[in-house]
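Take a look at the structure below.
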Amino acid sequence: MAVAFTIDPAGAVAEANVTETTLNSSAAENCMLSRIRRWKFPEPKGGGVVAVTYPWLFSPAGE
């Protein structure tokens, strides 16, 4: 699953969206997005916004 999110000048996540997924679980995807939207980062140096795309790789436990 890959998520694109934007960090605003105050360090808050302004927007987060799934850009790629093979989970086939909208419940899991929406749960992750709701958590990501709560994250807080240090304020970007010089102000402005920061665009991030981050991939998460999941596998069944025990493999």
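Around NZ of K45, the count of heavy atoms belonging to other residues, nucleotides or ligands within 6.0 Å does not exceed 12.
Scanning all heavy atoms of the two residues, the minimum distance from S34 to C31 falls at OG-O, 2.8 Å.
Between atom CZ of residue R35 and atom CG of residue N30 there is a gap of 11.0 Å, rounded to the nearest 0.5 Å. Taking CE of M32 as the start and OG1 of T21 as the end, the distance is 9.0 Å to the nearest 0.5 Å.
Looking at F41 and V13, their side chains come closer than 4.5 Å, going by heavy atoms from C-beta outward.
A continuous path of ILVMFWY side-chain contacts below 4.5 Å connects W39 to M1, so both sit in one hydrophobic cluster. Note on Y54: it does not cluster hydrophobically with L57, by side-chain heavy-atom contacts below 4.5 Å among ILVMFWY residues.
Under the rule for a side-chain contact (heavy atoms from CB on, under 4.5 Å), the partners of V50 that lie at least two apart in sequence or sit in another chain are I7, P44, V52. By the side-chain contact (heavy atoms from CB on, under 4.5 Å) test, T19 pairs with A2, A4, T53, sequence neighbours left out.
Listed by first and then second residue, the side chain to side chain donor-acceptor pair (under 3.5 Å) pairs that reach into residues 3-18 are E15-N17, sequence neighbours excluded.
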